[in-house]
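Below is one structure, written out as structure tokens, with a few remarks after it.
The chains referred to below are lettered A, B, ... by the order of the sequence lines, with proteins before strands, and numbering in each begins at 1.
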There are 2 protein chains.
Amino acid sequence: MNYNEAKMKFVSTWGSLGTLWGINKAMAQIQALLFISTKPLSMEDIMEELKISRGNTSMNLRQLMDWGIVTKEIIPGERKEYFTTEKDVQELARVIAKERSRREIQPVIKVLKEVSSIQDDGTEKTRELIKQTKALHDLTQTADDMINKLVTQKQNWITKSVLKLIK
Amino acid sequence: MNYNEAKMKFVSTWGSLGTLWGINKAMAQIQALLFISTKPLSMEDIMEELKISRGNTSMNLRQLMDWGIVTKEIIPGERKEYFTTEKDVQELARVIAKERSRREIQPVIKVLKEVSSIQDDGTEKTRELIKQTKALHDLTQTADDMINKLVTQKQNWITKSVLKLIK
DNA sequence: TTAAACTTTCAATAATTATTGAAAGTTTAT
DNA sequence: ATAAACTTTCAATAATTATTGAAAGTTTAA
């Protein structure tokens, strides 16, 4: 496998994985491309490499900037805008986890809290609803806390020591 | 909020959350419905409650059984098949995490390993590709290990003690 | 063995989501 | 103030994914 094959394989795999971390294919591919680039890329560069339209590139770059994982670079003397992504995987993971928690997990926790707090009328079905949604609430809350805690740590040693502990 | 409102709210919220754990809306809604039901439900019951077609119900129940979170119950004297879901949230989380790891994370780890193992030809771009995909490989592998380890624990105490440790 | 009761399959269709491309908008140089 | 260089917006279209419903398949009872 040569450089170009490897690059294409990485970009497309990372792209199709997008759904796993809650972003779309083009967005994930753009991020992947920037992630392995040795220098900032222009919209033109990205369009060309990924064979996607200008509009698509523009919209997805905007979204990546909203997520806080891509930033504009102004290159003196150049009219075009250039883009780079966060290069530290730990930091990248931190930002993604934080955003997903905020956008998706928090709203669900809120609903679970509401639903599990309805008046217990003593019927079996109400009891079951309360019991099960409460259990789900606790689990979701705990998982969310853990993700946030783990991911907030800047150093890697803690992750390693946790792994060792629970092995 | 009365029982029916709460039930609907839970089912539809859990349904739209489906994407987060990698299953589709109908699948997630069926699971949600079973999760708060006090007794096994028939296909008829599910179709009626969720207003979805027979075919859709059948296919999604099958998928839930493939995932291992829904099982058929044979009720003596009854011709219809009845279904129940795993009621323990910890066990549910375990099964889901395991399946997602197997279906989605493992293949990505494999590709990252391949890509990061290409011949280093000494050029800057190849070096960057190797370096970055290797970092991603390590991170993904570590995260996957952690999820599996944590989720394998049957007891909750370990989760709590880990949380305490990293607070 | 037949027929009723039920489930599965799958081609057709609908719903959703992503992508394009060109017009409108913005910035910069002269 | 103008025009060239560039970016954004968004209605139209394409691609993908989910859903239906009816025909085919299966199981059970008599």
DNA chain D nearest-nucleotide lookup for A:Phe83 and A:Met59: closer to the 5′ end is A:Phe83
Other residues, nucleotides and ligands only: do more than 12 of their heavy atoms fall within 6.0 Å of NZ on B:Lys87?
yes
What's the CD-P distance between B:Glu44 and C:dT8, to the nearest Å?
13 Å
Shortest non-hydrogen pair, B:Phe83 vs B:Leu34, comes out as O-CD2, 3.3 Å
Which stems, defined as runs of 3 or more consecutive Watson-Crick or G-U wobble pairs with both pairing distances under 3.5 Å, involve DNA chain D?
C:1-30 with D:1-30
Rounded to the Å, how far apart are B:Lys51 NZ and D:dG21 P?
14 Å
Tell me, do B:Glu104 and B:Val108 make a side-chain contact under 4.5 Å, heavy atoms counted?
no
Rounded to whole Å, CD of A:Glu78 lies from P of C:dT27 at a distance of 19 Å
Run the salt-bridge test on A:Lys9 and A:Glu5 with the 4.0 Å N-O cut-off and return the result as yes or no.
no
Under a single-linkage definition using a 4.5 Å side-chain heavy-atom cutoff for Ile, Leu, Val, Met, Phe, Trp and Tyr, are A:Leu129 and B:Met1 assigned to the same hydrophobic cluster?
yes
A:Ile46 CD1 to D:dC6 C1', in whole Å, measures 14 Å
Please give, in whole Å, the distance from D:dT19 P to B:Ile30 CD1?
9 Å
Dump the pairs, protein N or O against N or O of nucleotides 23-30 of chain D, anything under 3.5 Å, distances to one decimal.
from, atom 1, to, atom 2, distance (Å)
D:dT28, O2, B:Arg79, NH2, 3.0

List the atom of B:Val11, the atom of B:Gln29, and the distance in Å for their closest heavy-atom pair.
O-CG, 3.6 Å
Salt bridge check: are A:Glu99 and A:Arg102 linked by an N-O gap of less than 4.0 Å?
yes
If the threshold is 4.0 Å, N to carboxylate O, is there a salt bridge linking B:Glu44 and B:Lys80?
no
Does A:Arg62 count as lying over the ring of A:Trp67, i.e. NZ or CZ under 6.0 Å from the six-ring centre, within 45 degrees of the axis?
no
Check: B:Lys7 and B:Leu33 side chains under 4.5 Å, non-hydrogen atoms:
yes
Candidates D:dC10, C:dT9, D:dT8 - which lies nearest the side chain of A:Met43:
D:dT8
Salt-bridge contact A:Glu124-A:Arg127 (side-chain N to carboxylate O under 4.0 Å)
no
Roughly, in whole Å, what's the span from CD in B:Gln63 to P in C:dC10?
15 Å
Which letters describe nucleotides 12-17 of chain D, given B = protein heavy atom under 4.0 Å from base, S = only from sugar-phosphate, - = neither?
------
Taken to the nearest whole Å, CD1/A:Ile75 to C1'/D:dC6 is 15 Å
Per A:Arg62 side chain, nearest of listed nucleotides D:dT19, C:dT19, D:dT8
D:dT8
Would you say B:Tyr82 and B:Ile30 are hydrophobically clustered, going by side-chain heavy atoms of ILVMFWY under 4.5 Å?
no
Could you check how far CD1 of A:Ile52 sits from P of C:dG21, rounded to whole Å?
12 Å
What nucleotide, of D:dT20, C:dT19, C:dT8, holds the atom closest to the side chain of B:Ser53?
D:dT20
